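Source: prediction; values computed, not measured. All ligand and atom numbering here is 1-based and tracks the order in the structure.
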Amino acid sequence: MKMEILQECGVLLCVLVFAFARSENEIIKLRSPDSVSSQCHTHTTMSCKITSQDEPSISMFAWIGPGGATLCKLDERGGVVFNDSAVSCTYRDKQLDLTIRHTKPIHEGRYICKLRSNLGGKHSYTQLKLRECHNQLHYHILDGNVTCGARGVYPEAHIHWFQGPQNLTHSSVSHPSIPAEDGTFEVASTLPHQHQSALNCSLWSPSTGRLLSSIQMSPPASPPQSRDTFSRATSFGAVGTTVTLFAVALILL
Ligand SMILES: *[C@@H]1O[C@H](CO)[C@@H](O)[C@H](O)[C@H]1NC(C)=O
Ligand SMILES: *[C@@H]1O[C@H](CO)[C@@H](O)[C@H](O)[C@H]1NC(C)=O
Ligand SMILES: *[C@@H]1O[C@H](CO)[C@@H](O)[C@H](O)[C@H]1NC(C)=O
Ligand SMILES: *[C@@H]1O[C@H](CO)[C@@H](O)[C@H](O)[C@H]1NC(C)=O
């Protein structure tokens, strides 16, 4: 009885040690970053690397996009085949690099690097996250109302208004944001009735509460003094020219 238990324990220990050794010393491994954080409109590269003691014979090595489509893969001859004009891939030293040329919000999600080989099959996941993006704030004044907005905003940011230290956001009307094809938004806000002193229009991140961008707009009052100076200078120039012409005429006569 005791002997049997001992034997069983021995077998179990053997199995455990073997399983441990196997997981520690896998024949083939696949490695890609857990997550990649990218700036809007820049290029993003995700690398997937095979590590193995022996040279594997690869039957499939590919990057698959968040939608499930194969973005690029190795063909039988070891060349790279693309299936998406927005990306490019390179293969070197058992490493497949996926590059998204112009990263947009629609590219966010989970990417899968997949391998099939004579040494086994593996896959690894990489999460692509995009940092906040926005184009420049711009504004226009119509019928005394000031409208301020920005395109290419992601995620949907808020516009706030200030006049000096005073927060005027509560009296503004924000427009419904307009989604663009690339996953960004156009946001805008109108402050009714124009204010006499300088206004500050600012864009705020909804996730971090951080100020992303701001512009200062001054009331469109052009000082009349400058126009006076300009016309005086012009008439002086005109008088000068007349005098010169008169002198030339006298000499010629
Ligand atoms: C190639 O791309 C198209 C469109 O992006 C997709 O529908 C198709 O499934 C892709 N092919 C493969 C093999 O994934
Ligand atoms: C300004 O007002 C808006 C809305 O009333 C508010 O969400 C925002 O936090 C305020 N900002 C500051 C800096 O007080
Ligand atoms: C300006 O604001 C007023 C008051 O909110 C509104 O009635 C008017 O339609 C606005 N004008 C324009 C051109 O947006
Ligand atoms: C606009 O107001 C915000 C909040 O008070 C401030 O941080 C920012 O510097 C101002 N921008 C300009 C251009 O004055």
Under 4.0 Å, heavy-atom basis, I'd like to know which part of W204 is in contact with ligand 2: side chain, backbone, both or neither. neither

Are V87 and I112 linked, directly or through intermediate hydrophobic residues, by side-chain heavy-atom contacts shorter than 4.5 Å (ILVMFWY only)? no

Write out the residue and atom name of the closest protein heavy atom to atom 13 (C) of ligand 2, then the distance separating them to 0.1 Å. F162 CZ, 3.6 Å

Ligand 2 versus H158: contacting region, heavy-atom distance under 4.0 Å: neither

Looking at E132, H158, E156, which one forms a side chain to side chain donor-acceptor pair (under 3.5 Å) with S205? E132

Select the closest option to atom 6 (C) of ligand 4 among N167, L211, L199, judged by heavy-atom distance. L211

Quick one: look up the protein heavy atom nearest atom 9 (O) of ligand 2 and list residue, atom name and how far away it is. H160 CE1, 4.2 Å

Going by the rule side-chain hydrogen bond (donor to acceptor under 3.5 Å, both in side chains), which residues pair with S172 if we only count those two or more places apart in sequence or in a different chain? none

Any N or O of S214 that comes nearer than 3.5 Å to an N or O of ligand 4? yes

Got more than 12 heavy atoms from elsewhere within 6.0 Å of CG, D34? no

Who's the nearest protein heavy-atom neighbour of atom 14 (O) of ligand 4, and how far? Q216 OE1, 2.7 Å

Do W161 and S171 come close enough that some side-chain heavy atom pair is under 4.5 Å? no

If you measure every N or O of N200 against every N or O of ligand 4, does any of those distances drop under 3.5 Å? yes

With sequence neighbours left out, the residues meeting ring-ring contact (aromatic ring centres under 6.0 Å, His included) with Y125 are H123

